[in-house]
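First the structure, in the form of structure tokens, and then the observations on it.
Read the numbers this way: they start at 1 and go in the same order the structure lists the ligands and their atoms. We use all heavy atoms of the structure for the numbers below, so side chains are in, but hydrogens, waters and symmetry mates are not. Since this is a predicted model, take the numbers as computed values, not measurements.
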Amino acid sequence: MSVQDLQRRLTALGYQAGPADGVRGPKTIAAVKAFQEAVGLVVDGIAGPQTMAALKQAETPAKPRRPEPDKSAMAQPVPSQETYGRATPPPNVSSLRLLDTARPINEIIWHCTATPEGRDFTVNDIRAWHKQRGWSDIGYHYIVYRDGRIMPGRPVGQVGAHVSGHNTGTIGCSYVGGVSADGKTAKDTRTGPQRASMLWLTAQLAKKFQIAKISGHNEYAAKACPSFDVRKDELSRLL
Ligand SMILES: [Zn+2]
């Protein structure tokens, strides 16, 4: 794709890429970086394959968040509450877009970041740890912060790196925490907002994709991750 085309597409998405002059100058690079930041990619200003894939996804029109209100709908409980119990939207729901992908996805696998209870870590922290392992990007597709915010990780259109032998066909989600404050013992450290957001995210993904199974990393490996049994959790009752 030409630089001019890139400039036009970024501008159309609301990024200040400058005039479509075909010159990859500071404005264009800044716009690429702003876009990468917004979609949770590595911010390097280079429009590589991951950035181009995310750009294509961002250009796909979002489905309306809720149907047009009408009398019958208003008389009924909101479907997500009725169907999913405590699946309340996360605090950053207005800025969160769950992207579509043609990649076949039939399972959601939950993880924890294996970080101590009570401590916050960002997508960029986790990305740095995973890149230290030699991975191209963060291994998870979604990360749920302690305050309930849901952050995009690796674009869902790309195969993740979260469960050996089960990355194809799955979405990897992780909550921040999973270990006691001393950093040694596996512990279900999910906060109330995290539980609510995990339910909400799982419910949204289950609606968007043909999800047949919701599982935890510990069902596939001799690990504690995500420090609880998804099969006995309300998460597994969403299907
Ligand atoms: Zn895991």
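Across V123, I150, T122, a single residue satisfies side-chain contact (heavy atoms from CB on, under 4.5 Å) together with I143, and that is V123. Partner of Y142 under the side-chain contact (heavy atoms from CB on, under 4.5 Å) criterion, chosen from I108, L205, T202: L205.
The aromatic rings of H162 and H141 sit perpendicular to each other, their planes meeting at more than 60°, with 30° as the lower class boundary.
Around the Zn ion (ligand 1), the protein contributes the following N, O or S atoms at distances under 2.8 Å: H111 ND1, H217 ND1, C225 SG.
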In sequence, state the C-alpha distance, the side-chain angles, and the governing distance for D120 and R149, and then conclude on salt bridge (Lys or Arg N to Asp or Glu O under 4.0 Å).
CA-CA 12 Å; D120 290 310; R149 275 179 295 162; over 6 Å; no

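For residues 90-110, no pair satisfies ring-ring contact (aromatic ring centres under 6.0 Å, His included), with sequence neighbours left out.
You'll find the ring centres of Y140 and H130 inside the 6.0 Å limit.
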